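Just so it is clear, the structure is predicted and the values come from calculations on it, not from any experiment.
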Amino acid sequence: MLKLSNIYKHRMRSKIGETGGMSQLVQPTLNDLETIFKSFLEMGRRSLGLVNGAYSTAFDEEDLAQNEWDLGLIEQAEQMEVSAISIPLEGALKRQVVAIDTSSVVVAVGRGGIILGVRGSIAIRSALGLEIQCIGPFITYLTPENISSILGSILGDPPPLDLSNYQLDGHIQKILASLLEKRLQEHVVKRFRDSIILLDGSLSAGPQDNPLWLVSRILEEAGPRGNDILAFSKTSILQFWGSIFTEDRLDVKPPYIIDMTWFIKKLELSVRVLGRTFLARLSSGLNVYRVDAATCRRVEEVFGSLLKSDPLIYGYPELLILAHDYCTFTKSDVIAMQAMLRRLGAELFREGSIRDMLFNPIDRR
């Protein structure tokens with residue numbers, strides 16, 4: 001489970017890839033990822049040797065976080081003159097699209113730490129077809145003593161980041177996945193050219209899992225290689241503004257975007273948002289998304305190429321959905337990782353339910 005042979009590729013045929021108008025680009029291999037994550041893999045292996053007794057956990061879907069923004073600004077927006085930017089589809093060029101996502105899961109909770117699994121995926125759609133590259137899963141045992149060294153192994157040695165504030169709290173699962181995701185993003189923007197890079201989330205920087213130096217470096221490396229970055233947020237309070245900036249008020253029909261960068265600048269955020277921020281309604285219906293963009297081309301041109309190159313599902317790029325699906329852990333994955341831990345000598349206990357102990361003989365649940 002910890003071997004680099006788990007970095008694999010999955011190829012599928014794509015109807016979009018069979019049509020003309022999209023240049024064929026050479027795809028980079030994942031061979032260099034062994035170098036990127038070598039330190040993290042070694043730290044993970046050593047950490048698993050510390051596992052003794054641990055409680056296995058129930059499998060739950062990931063919680064989605066929302067941005068805590070001041071809703072009072074909605075009143076100001078109702079009085080503002082806001083215009084929409086139509087996305088031209090006629091003459092839009094098909095381009096290679098690359099989507100990145102990661103996920104994490106709690107495998108078990110030990111006496112002195114927590115066992116986490118993390119996995120990433122890169123989905124590529126080009127004239128050559130559709131390709132999915134899965135990275136991981138990586139499994140590690142985090143304790144108060146090794147947490148800084150293990151997280152630092154993802155960023156490099158020594159990491160240009162103060163890791164002393166990391167704690168084994170409810171956020172560590174998200175932090176681990178986010179740090180892995182940033183390294184995959186950096187890998188993609190350096191290895192691919194002339195592509196639309198789709199990210200899950202925003203281009204905000206400042207928290208522990210989104211260091212400003214790393215997010216800035218990702219954007220700086222993307223531009224010279226002709227890569228345009230679009231970051232889609234599935235859960236953002238900005239989406240609720242779609243009920244204020246209605247199509248009737250704007251006198252426009254989808255697909256269109258609304259520049260909300262001015263709104264971001266008015267907020268007193270604890271993070272720094274890089275690039276420009278848009279409210280995007282890319283298809284008919286009620287679905288609207290926050291999209292942060294860092295592009296070397298006109299942003300409406302990039303959106304037009306995206307719509308020509310990748311199908312939409314409820315106004316959301318299909319490639320991002322595929323990237324999410326291929327990195328998400330299933331219950332079977334968790335059971336397999338727990339079985340691997342047992343082979344390594346770890347003793348797992350299942351946390352008991354007082355209801356089961358008291359009532360199972362009666363209600364037979």
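There is no path of hydrophobic side-chain contacts, each under 4.5 Å, that joins Tyr141 to Ile335.
In terms of the side chain to side chain contact (heavy atoms under 4.5 Å, CB included) criterion, residue partners of Asn287 (sequence neighbours excluded) are, by chain and number, Tyr289, Tyr314. Judged as a side chain to side chain contact (heavy atoms under 4.5 Å, CB included), and not counting sequence neighbours, the contacts of Glu186 are Arg183, Lys190, Leu214, Arg217, Ile218, Glu221. Remark: Ser216 pairs with no residue by the side-chain hydrogen bond (donor to acceptor under 3.5 Å, both in side chains) rule, at least two apart or across chains. With sequence neighbours left out, the side chain to side chain contact (heavy atoms under 4.5 Å, CB included) criterion links Ile313 to Glu318, Ile321. Residues forming a side chain to side chain contact (heavy atoms under 4.5 Å, CB included) with Ala222 (at least two apart in sequence, or on another chain): Val189, Asn227, Ile229. Under the side-chain hydrogen bond (donor to acceptor under 3.5 Å, both in side chains) criterion, Glu145 pairs with Thr143, not counting sequence neighbours.
Residues Lys308 and Leu93 fail the side-chain proximity criterion, which asks for heavy atoms closer than 4.5 Å. In this structure the side chain of Gln96 never reaches within 4.5 angstrom of the side chain of Asp194, judged on heavy atoms. A heavy-atom distance below 4.5 Å is not found between the side chains of His324 and Asp200. Within the 4.5 Å cutoff, no side-chain heavy atoms of Ser178 are placed close to those of Thr102. Two residues are said to be in side-chain contact when any heavy atoms from C-beta on lie closer than 4.5 Å; Phe232 and Leu282 meet this criterion. By the 4.5 Å heavy-atom criterion applied to side chains, Ser104 and Leu116 are not counted as neighbours. Residues Val105 and Met337 are in side-chain contact: their nearest non-hydrogen atoms beyond the backbone lie under 4.5 Å apart.
Between Asp228 and the options Arg298, Arg193, Arg297, a salt bridge (charged side-chain N to carboxylate O under 4.0 Å, His left out) holds for only Arg297. Considering Leu319, Val291, Leu230 as possible partners of Leu306, the one that fulfils the side chain to side chain contact (heavy atoms under 4.5 Å, CB included) test is Leu230.
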